[in-house]
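These notes are about the structure you will find just below.
Naming convention: chains lettered A, B, ... in sequence-line order (proteins, then strands); numbering from 1 in each chain.
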Amino acid sequence: MNDIRMIREKPDLMREALVKRQMDPAPIDRILALDEERRAKLSELEALRAQRNSASKEIGRMQDESGRETIKDRVRAINIQIDGLDTLVSELDAQLQEALYELPNVPDPDVPPGKDDSENVVLKTVGALREFAFTPLPHYELGPKLGYLDFERGVKLAGTRFYVTSGPIAKLQRGLIQWLLDHHIARGYREFGLPFMVKQDVMLAAGQLPKFRENLYHDVERDAWFVPTAEVPLTGLHMGDILDGEQLTLNYTAYTPCFRKENLAAGKDTRGIKRGFQFDKVEMYKYCKPEDSEQELQNMFADIEDILHLLKIPYRVKQLCTGDLGFGSTKTYDLEVWAPGIGEWLEVSSASNVRDFQARRGNIRFRRSPGAKPEFVHTLNGSGLGIPRTMIAILENYQQEDNSIQVPDVLRDYVRLDAIN
RNA sequence: GGAGAGGUCGCAUAGUCCGGUCUAGUGCGCGCGACUCGAAAUCGCGUGUGGUUAUGCCACCGGGGGUUCGAAUCCCUCCCUCUCCGCCA
């Protein structure tokens, strides 16, 4: 959420942000009007309440019964006005709040302009693409051929966009999660085991609601929403807290499955394990002071890059342009790995500086020193990594002519296999 | 699922029966100051959050609603915690 005071004082900054994101700046005018009216009515309301409070105190002090009744009549009249104004102010408040919740974050000036993902900027490509002496197979042929990846059974169990892994591929999946978590822990991140469902206000704080309702799985009976990423409960952890400035930066990591309703037409992009309705991911998350967030984004990015070095998979780094930037992000780097079987670069991680956007929504603050005014923290999130796409990259890059798969060196202790065959 | 107890300003508690003098006392913690060569101890002062057209005013005693001129206090409802019983992975 953006600061209403900022919008009030510099509306053009906000309009410009929307235009950069290829969105309509019109809501700003409505927000300004709502804000102005709300404040006008609010001060009227408060003046009336002040009158009522002092009159009521007077009644308490007064001995004379008929005098009391006179004042009571007066207060009853004031109360009718208060009721009306109170209702009006609550309505204005709700409308304003709703409009603010729909506004995306303001892109960092550093973010390249662009209309959509075609204008993202490739910053670098790291590692040589492997030369194959044979034609590399896509994972969705390789897996079933080995007998450890079963799309039919996934569909039988849960419908389209689900699959079943087994044997060594199931083990690879589990080992990968374990290795990633251990890697982050060794770099100072604290591991969390989190609920895979959260309440609505957590979704709101993380910025998933109200805008992305149609992409979320939801238990209507219980106000329980399935997490689309561990970023959501990691944001919720400190909702309402005032953190100790001395303790920042907080570096967190967690594994969760991620549930995403994505109504794509059945087709090429949904083939294989690239875009399931459920997938595993290890997430990284930081709470820091405002002045540190840019540096922390670089730190997080370096931590992610390190993983790809260790896995020895070629990757490239993209900076998202203004038109493709996520709703809550001010600046995002995507890391994409090369998958030679399907011949695509696959996004396995996305690292974003959200600044105070989630902190405002979730009211997450810190105190610089004891007694100082609370300030909003900055939050950052990054995948480290998305499991299915990392598995695609491993399966396709490490495949041999006989269809067996070499297990990357760093994973051998975790998977307890040298090869999948 | 059944029976009961409870949720108050960082923590611990008082206040709730008998509505106004309670935004709210006390202890601890924390901050500033005094005393001291310095420290401990002691003493004094201060110490929630937010809104606002701002030396003021308004809101907040788990959430929501009601009664009343006036609610931490009375009523309804929801949530959560704890104890006992039942059931169960």
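- For A:R367 and B:C30, the CZ to C1' distance is 11 Å, given to the nearest whole Å.
- Considering only side-chain N and O atoms, A:R5 lies under 4.0 angstrom from the phosphate OP1 or OP2 of B:G51.
- Comparing B:C22 with B:A40, their C1' atoms sit 37 Å apart, to the nearest whole Å.
- The interatomic distance linking A:Q51 (CD) with B:C58 (C1') rounds to 13 Å, in whole Å.
- The side chain of A:S56 sits closest to B:G70 out of B:G51, B:G70, B:A59.
- Taking every side-chain heavy atom of A:A50 into account, B:C57 is the closest of B:G50, B:C57, B:C69.
- In this structure, A:R8 reaches the sugar-phosphate backbone alone: every heavy-atom distance under 4.0 Å involves primed, P, OP1 or OP2 atoms, never a base.
- Nucleotides B:U49 and B:C9 place their C1' atoms 9 Å apart, quoted to the nearest Å.
- Separating the CG atom of A:L48 from the P atom of B:G70 is a distance of 14 Å, rounded to the nearest angstrom.
- Under the Watson-Crick or G-U wobble criterion, with both distances below 3.5 Å, B:A89 is left unpaired in every strand shown.
- On the P atoms, B:C58 is 45 Å away from B:G2, given to the nearest whole Å.
- The same atom, P, is picked in B:C43 and in B:U26; the two are 14 Å apart, to the nearest Å.
- Picking from B:C58, B:U49, B:U68 the nucleotide with the shortest atom distance to the side chain of A:R76 gives B:U68.
- Side-chain contact annotation: A:Y287 with A:Q247, donor-acceptor N/O pair under 3.5 Å absent.
- Counting any heavy atom pair closer than 4.0 Å across all strands shown, A:K199 reaches no nucleic acid atom.
- For A:I59, the side-chain atoms get nearest to B:G20 when compared with the rest of B:A59, B:G20, B:C57.
- B:U49 atom C1' lies 15 Å from atom CD of A:E375, rounded to whole Å.
- Under the Watson-Crick or G-U wobble criterion, with both distances below 3.5 Å, B:A54 is left unpaired in every strand shown.
- The pairing partner recorded for B:C69 is B:G20, the criterion being a Watson-Crick or G-U wobble arrangement whose two distances lie under 3.5 angstrom.
- Distance from the side chain of A:K373 is smallest to B:U49 among B:C69, B:U49, B:C57.
- As the counterpart of B:C84, B:G2 is assigned, both hydrogen-bonding distances of the Watson-Crick or G-U wobble pattern falling under 3.5 Å.
- Taking only side-chain atoms of A:R38, from C-beta outward, the nucleotide of B:U52, B:U49, B:C69 with the closest atom is B:U52.
- Comparing atom distances between the A:R365 side chain and each of B:U52, B:C69, B:G50 picks out B:G50 as nearest.
- A distance of about 50 Å separates the P atoms of B:A34 and B:U83, rounded to the whole Å.
- Taking the P atoms as reference points, B:C18 lies 38 Å from B:G29, given to the whole Å.
- At a cut-off of 3.5 Å, with distance as the only test, no side-chain donor of A:Q295 or A:D292 sits close to an acceptor on the other residue.
- Using modelled atom types and a 3.5 Å distance limit, the side chains of A:Q97 and A:D93 yield no donor-acceptor pair.
- A salt bridge links A:K281 with A:E283: at least one charged nitrogen is closer than 4.0 Å to a carboxylate oxygen.
- Nearest to the side chain of A:R39, among B:U49, B:U53, B:C69, sits B:U53.
- In summary, the aromatic rings of A:H238 and A:Y252 are positioned with their centroids under 6.0 Å apart.
- Taking atom CG of A:N363 as the reference point, atom C1' of B:G50 lies 9 Å away to the nearest angstrom.
- For the side chain to side chain contact (heavy atoms under 4.5 Å, CB included) with A:I307, the lone residue among A:L310, A:L311, A:D303 that qualifies is A:L311.
- Taking the nucleotide of RNA chain B with the nearest heavy atom to each of A:A47 and A:S43, the more 5' of the two is matched to A:S43.
- Of all nucleotides present, only B:U42 satisfies the Watson-Crick or G-U wobble test against B:A34, with each distance under 3.5 Å.
- Only the P atoms considered, B:A39 is 23 Å distant from B:G46, to the nearest whole Å.
- The nearest whole Å value for the distance from the CG atom in A:D241 to the P atom in B:G48 is 19 Å.
- Remark: C1' of B:C58 and CD1 of A:I78 are 15 Å apart, rounded to the nearest angstrom.
- Counting any heavy atom pair closer than 4.0 Å across all strands shown, A:N53 reaches sugar-phosphate atoms only and no base atom.
- Side-chain contact, A:Q95 with A:E91: no donor N or O sits under 3.5 Å from an acceptor N or O.
- Atom name C1', nucleotides B:G7 and B:U73: the rounded distance is 15 Å, in whole Å.
- Taking atom CG of A:N79 as the reference point, atom C1' of B:U68 lies 9 Å away to the nearest angstrom.
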*Would you sort out whether A:D110 and A:T330 count as a side chain to side chain contact (heavy atoms under 4.5 Å, CB included), showing the intermediate values?*
CA-CA 9 Å; A:D110 189 40; A:T330 63; over 6 Å; no

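- Looking at the side chain of A:R52, the nearest of the listed nucleotides B:G50, B:U52, B:G70 is B:G70.
- Across all strands shown, the partner of B:U13 is B:G25, judged by Watson-Crick or G-U wobble contacts whose two distances both fall under 3.5 Å.
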